[in-house]
Amino acid sequence: MPDKNITELTIRRPDDWHLHLRDRAMLRAVLPETARHFGRAIIMPNLVPPVVTSAQAEAYRGRIMDALPAGSDFTPLMTLYLTEATDPEDVRAAHAAGIATAVKLYPAGATTNSASGVHDFEKVRPVLEVMAEIGMPLCVHGEVTDSEIDIFDREATFIDRVLKPLRKKVPDLKIVMEHVTTQDAVDYVRDSSKNLAATITTHHLIINRNHILAGGIKPHYYCLPVAKREAHRVALVQAAVSGDKRFFLGTDSAPHTDPAKLQPCGCAGIFTAPNTMSCLAEVFDAAGRLRKLEAFASLNGPAFYGLPANADTITLVKGDPVTYPAHIATDDGPVTVFDPGFDLHWRVT
Ligand code: NCD
Ligand code: ZN
């Protein structure tokens, strides 16, 4: 049941614990959409070429700061792309200098620009041991890449084949299982005693695989991990609205131009930055759990990362349907904004 009597909600300023900003013209076009509502974001390193070293992360952070609208207080939290050649001492230095907040693990070939990711987990063990020692989190794209594993089973298989052994070998490593899409992942995180959390995206709280495939193929709902069946979506909503400290927002807002999405082999990624807070308020309201939105979007993430919550607040107000653009323009072409498929009534004032 919606919280009928709540029409205004003030929460600590939210953060986005998984965000793609890209570079150059795309960066300049999409960054203001996140900086408008969010205090901080964990910035994904899957550029071409990827952000592997502390020097590359520092340079990328500089380009983000240069692209910020005047007067914005937004803080990008940088990540390093883990490769089998990553130097543990470069990671240690990047963390100590405040250049990198986390390291990102892509199994090689799992998703957009992940070719330099990890094949052999033993090769990255020295890096993971340093990270455990200094308390630096590992953000994990949790899908196996083996072609014989069905794409809808790749997350659940990853838990058994990769995550469980990894956590046994380096138990003190803090791990964020990113953009979880299954009941299996929710259960695995809930059953863990420490050092494991999960991010949940905006769109996985709203769409299931029917939205992608039933009644015609909808490229704008295609992302990785791909949305699963409805029972999994319901499990994600339950986790998000529960207030459980191990679940927090990582939008995985991942802009691609329409021409890149709408082709025979279209890119994976959904652009949710402009309307994420309105979408989330709608989901939490429908579940009768608006009062847990702050935990999910603003409190649980910083607590896991050992950072303070943002000091300032945002206010959401419920009213007539919100209008937002269907696309944003970039110098590379239009980027379609996520369509939740229902009216949004909550606006950030
Ligand atoms: C992301 C992208 O486009 O960079 N795509 C996506 O579908 N989420 C990569 C990723 O996070 O997997
Ligand atoms: Zn992503």
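Counting from 1, the numbers follow the sequence of the chain as shown. Any value given below was found using the heavy atoms of this structure, including those in side chains, with hydrogens, waters and symmetry copies removed. First listed ligand is number 1; within each ligand, the first listed atom is number 1.
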Check your understanding: Which heavy atom in Asp15 sits nearest to a heavy atom in Leu249, and how many Å separate them?
Key ->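 Closest pair (atom of Asp15, atom of Leu249, distance): O-CD2, 4.0 Å.
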Review point. Which pair of heavy atoms, one from Ala198 and one from Val180, lies closest together, and at what distance?
Key: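 So the two residues come closest at CB-CG1, 3.8 Å.
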Given 3.5 Å as the limit, does a donor-acceptor pair link the side chain of [X] with the main chain of [Y], or not?
X	Y	answer
Asp339	Ala326	no
Lys318	Leu316	no
Glu230	Asn208	no

Check your understanding: Short N/O distance, under 3.5 Å, between Ala254 and ligand 1?
Key ->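 Between Ala254 and ligand 1 (N or O atoms, distance only) the closest approach is not under 3.5 Å.
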Practice item. Would you check whether Lys104 has a nitrogen or oxygen atom less than 3.5 angstrom from a nitrogen or oxygen atom of ligand 1? Key: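 Between Lys104 and ligand 1 (N or O atoms, distance only) the closest approach is not under 3.5 Å.
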Exercise for review: Quick one: do Asp184 and His232 satisfy side-chain contact (heavy atoms from CB on, under 4.5 Å)? Show the steps, please.
Suggested key: CA-CA 8 Å; Asp184 312 59; His232 293 291; 3.6 Å; yes
Around [atom], find the nearest protein heavy atom and jot down its residue, atom name and distance.
atom	answer
atom 8 (N) of ligand 1	Asp252 OD2, 2.7 Å
atom 12 (O) of ligand 1	Thr111 OG1, 2.7 Å
atom 1 (C) of ligand 1	His20 NE2, 3.6 Å
atom 7 (O) of ligand 1	Leu224 N, 2.8 Å
atom 5 (N) of ligand 1	Ala268 O, 3.1 Å

Check your understanding: At a non-hydrogen distance cut-off of under 4.0 Å, which region of Asn46 contacts ligand 1 (side chain, backbone, both, or neither)?
Key ->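 Only the side chain of Asn46 comes within reach of ligand 1.
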Point to revise | Part of His141 within contact of ligand 1 (heavy atoms, under 4.0 Å) | key: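 Only the side chain of His141 comes within reach of ligand 1.
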Near the Zn ion (ligand 2), is there an N/O/S atom from [X] that is less than 2.8 Å away?
X	result
His141	no
His179	no
Asp252	yes

Does ligand 1 have an atom under 4.0 Å from some heavy atom of [X]?
X	value
Glu178	no
Arg22	yes
Met44	no

Point to revise | Considering only N, O or S atoms of His20, the one closest to the Zn ion (ligand 2) | key: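 In His20, the heteroatom (N, O or S) nearest the Zn ion (ligand 2) is NE2.
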Using a 4.0 Å cutoff against the non-hydrogen atoms of [X], which atoms of ligand 1 qualify?
X	result
Cys223	7 (O)
His18	11 (O)
Gly269	5 (N), 6 (C), 7 (O)

Practice item. Could you point out which residue of Thr251, Thr34, Thr201 forms a side-chain hydrogen bond (donor to acceptor under 3.5 Å, both in side chains) with Asp16? Key: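 Of Thr251, Thr34, Thr201, side-chain hydrogen bond (donor to acceptor under 3.5 Å, both in side chains) with Asp16 is met by Thr251 alone.
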Check your understanding: Is the charged tip of Lys292 near the ring of Phe296: under 6.0 Å from the six-membered ring centre and within 45° of its axis?
Key ->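 No; the conditions do not both hold, so Lys292 does not lie above the ring face of Phe296.
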Exercise for review: Before accepting this row, confirm whether a basic side-chain N of the pair Asp73/Arg13 lies closer than 4.0 Å to the acidic partner's carboxylate O.
Suggested key: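 Looking at Arg13 together with Asp73, the answer is no, because their closest N to O distance does not fall below 4.0 Å.
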**Study point:** Donor on one side chain, acceptor on other, Lys228 and Thr181, under 3.5 Å
**Key:**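 Present: a donor and an acceptor within the cut-off.
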Point to revise | Trp17 ring center within less than 6.0 Å of Tyr305 ring center | key: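 For Tyr305 and Trp17, the ring centres are under 6.0 Å apart.
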Review point. Step by step, would you call Glu294 with Arg291 a salt bridge (charged side-chain N to carboxylate O under 4.0 Å, His left out)?
Key: CA-CA 7 Å; Glu294 184 177 45; Arg291 303 219 180 269; over 6 Å; no
